[in-house]
Amino acid sequence: MFEIKPYPELSWSLSRHKTMLTCVRKYAYDYYFSHNGWLKDADSLARQTYRLKKITNLEMHFGSVVHDLIYQTIQQVLKNQHIPDEQALTEEIRRHLNRGFIESTRKEHLWMNRPKHYTMLHEIYYSQSNKLPEAKVKKITNRLQATVKNFYSSRSFQDVLNKKHMRFIESEDFRFMKANGVKIFIVMDLVYKDLQKDQWVIVDWKTGKASDEDRNQLALYALYLKEKYDIPSIEDIVIRNEYLLEGTHIEYQLKEQDLINVQHLYQISMEQMKAYLEDSSKNKPLPIENFPMQEDPRVCARCNYQELCFP
């Protein structure tokens, strides 16, 4: 039975860590003050914060739709079902994007009451208009064509098609690992074992540009996989970023030092997070005033919480 708790459970993820580094006030809203905001009897601030937390932007919405439909396509391959061609997948992605736009412009009243179940685009919400910036629409249109084409020709999808030589692990099997009693959440796009090479492969699909953090993200996944399946050596795991925008992929062969580095990362990060707690045993945060606001207006311009910080 679902238990309503006054404070959320303390956990760690790479996205949580990045949020804390970007803006501590946003971190507070995302992980503490939006808690229980989905409940009908929640206070007005929690409801408002939770609603704003669910706002997305065009690039993030595009990435989410692409990831979901890539997952569906791979499942269709593995279940020997009909596989959509490039045009069909492109049209399906476009349909989901159009639905997000319609929900943002014509169904705000539904989103206000059930923000988890409807899409609200940042570009619509804060512009108070029913139009998206033309430059962004053009950028996403170009990304759509390239992303679908490059997905079908990607190294990882070719491995999926060559499935008889691969052992695929259901991504739902990957939830979290624990370090010092704290859950560290893991979200893997694709994991399989190449039976011919006797190697594990971890794949992360990227719909944007490459980042310095990409290697750390996959190193964390490799650490989890090594522990869960008792893999003798990190050299038995290949990690691969598939950059669908450029149609390229980068593979890394990690060393034990990479795993040590990522362990140090979340240990140090967790200590920083605990510094913002009034009661660590309950994961009760300090008052909101103890979470400094970001001073860079460029960061604030992209933030979901503008109406809280600058009412």
Side-chain angles (χ1 to χ4, degrees), residues 15 19 22-23 25-26 29-31 33-73 75-76 84-149 151 187 205 207-208 244-245 297-311:
S15 60
T19 299
T22 302
C23 176
R25 181 65 61 93
K26 182 180 188 299
Y29 286 142
D30 270 358
Y31 295 100
F33 294 92
S34 59
H35 182 62
N36 287 338
W38 54 86
L39 301 175
K40 289 184 178 180
D41 59 350
D43 64 65
S44 58
L45 177 60
R47 289 201 307 271
Q48 182 184 12
T49 308
Y50 176 72
R51 189 166 60 240
L52 295 176
K53 178 182 177 179
K54 293 301 178 182
I55 292 177
T56 186
N57 61 47
L58 198 51
E59 290 89 350
M60 290 176 62
H61 185 49
F62 172 74
S64 178
V65 169
V66 169
H67 273 78
D68 288 347
L69 292 177
I70 282 178
Y71 174 79
Q72 289 181 26
T73 302
Q75 292 305 303
Q76 288 167 327
D85 59 20
E86 287 185 30
Q87 183 178 353
L89 184 59
T90 300
E91 288 304 315
E92 184 67 6
I93 293 171
R94 187 175 285 117
R95 187 177 69 82
H96 280 265
L97 294 175
N98 287 337
R99 185 174 70 185
F101 174 75
I102 290 170
E103 289 178 0
S104 297
T105 55
R106 303 179 194 173
K107 299 183 179 181
E108 183 179 1
H109 60 292
L110 297 176
W111 172 79
M112 291 285 288
N113 292 313
R114 302 180 69 198
K116 184 178 179 179
H117 300 282
Y118 292 90
T119 301
M120 175 54 69
L121 294 172
H122 188 283
E123 294 87 350
I124 298 296
Y125 188 79
Y126 278 110
S127 69
Q128 290 296 298
S129 73
N130 290 337
K131 290 185 178 181
L132 290 168
E134 288 185 15
K136 275 202 170 191
V137 172
K138 184 177 180 180
K139 180 173 75 172
I140 295 299
T141 301
N142 292 337
R143 281 190 180 187
L144 174 57
Q145 300 295 335
T147 294
V148 173
K149 178 178 180 295
F151 163 66
V187 182
W205 308 104
T207 57
L244 299 179
L245 188 58
R298 293 170 298 178
V299 175
C300 296
R302 301 189 299 267
C303 183
N304 290 4
Y305 300 109
Q306 292 177 36
E307 72 179 37
L308 287 176
C309 293
F310 311 106

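Both backbone and side-chain heavy atoms feed into the values below; hydrogens, waters and symmetry mates do not.
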What pairs with Phe101 under ring-ring contact (aromatic ring centres under 6.0 Å, His included), at least two apart in sequence or on another chain?
none
Roughly how far, to the nearest 0.5 Å, is CD of Gln145 from CD of Glu86?
9.5 Å
Do Leu308 and Phe33 make a side-chain contact, defined as non-hydrogen atoms from C-beta onward lying under 4.5 Å apart?
no
Quick one: salt bridge (Lys or Arg N to Asp or Glu O under 4.0 Å) partners of Arg298, sequence neighbours excluded?
Asp296
Heavy atoms only: give me the nearest Leu245-Gly208 pair and the separation to one decimal.
CB-O, 4.3 Å
How close do Thr49 and Tyr305 get, counting heavy atoms only, and between which atoms?
O-CE2, 3.6 Å
Which heavy-atom pair separates Lys53 from Ser34 by the least distance, and what is that distance?
CD-OG, 3.6 Å
Heavy-atom pair of closest approach, residues Leu58 and Val137
CD2-N, 4.3 Å
Would you please say whether a donor-acceptor pair under 3.5 Å links the side chains of Asn36 and Tyr50?
no
With under 30° as parallel and over 60° as perpendicular, where do the rings of Phe151 and Trp205 fit, or are they tilted in between?
perpendicular
Ignoring hydrogens and geometry beyond distance, is a side-chain donor-acceptor pair present between Glu92 and Gln72 at under 3.5 Å?
no
Could you go step by step and tell me if Gln306 and Tyr126 meet the side chain to side chain contact (heavy atoms under 4.5 Å, CB included) rule?
CA-CA 9 Å; Gln306 292 177 36; Tyr126 278 110; 3.6 Å; yes
Flag, side chain of Ser104 to backbone of Leu121, donor-acceptor distance under 3.5 Å:
yes
Find the distance between CG (Leu89) and NZ (Lys149) and round it off to the nearest 0.5 Å.
14.0 Å
Applying salt bridge (Lys or Arg N to Asp or Glu O under 4.0 Å), name anything that partners Lys136, two or more places apart in sequence or on another chain.
Glu59, Glu123
Could you tell me if the side chain of Tyr29 sits less than 4.5 Å from the side chain of Cys309, heavy atoms only?
yes
If you round to the nearest 0.5 Å, how far is SG of Cys303 from CG of Leu52?
9.0 Å
Side chain to side chain donor-acceptor pair (under 3.5 Å) partners of residues 110-119, not counting sequence neighbours, each pair once
Glu103-Thr119
CG of Asp30 to NZ of Lys26: how many Å apart, nearest 0.5 Å?
3.5 Å
What distance separates Asp85 CG from Thr73 OG1, expressed to the nearest 0.5 Å?
10.5 Å
Do Glu108 and Tyr125 touch side chain to side chain, with heavy atoms closer than 4.5 Å?
yes
Looking at Lys131, I want to see if its NZ is surrounded by more than 12 non-hydrogen atoms of other residues, nucleotides or ligands under 6.0 Å.
no
Could you grab the distance from atom CG of Leu97 to atom CD1 of Ile102, nearest 0.5 Å is fine?
11.0 Å
Measuring only between side-chain heavy atoms, which start at C-beta, is Ile140 closer than 4.5 Å to Leu132?
no
Checking Glu91 now: which residues fulfil side-chain hydrogen bond (donor to acceptor under 3.5 Å, both in side chains) with it, not counting sequence neighbours?
Arg94
Distance-only donor-acceptor pairs under 3.5 Å for side chains of residues 40-47, two or more places apart:
from	atom 1	to	atom 2	distance (Å)
Asp43	OD1	Leu45	N	3.0
Asp43	OD1	Ala46	N	2.8
Arg47	NH1	Ala42	O	2.3

Should Arg302 and His122 be marked as a side chain to side chain contact (heavy atoms under 4.5 Å, CB included) after you check the CA-CA gap, both sets of side-chain angles, and the distance that decides it?
CA-CA 8 Å; Arg302 301 189 299 267; His122 188 283; 5.5 Å; no
For the pair Asn304 (side chain) and Ile55 (backbone), establish whether a donor and an acceptor sit closer than 3.5 Å, ignoring hydrogens and angles.
yes
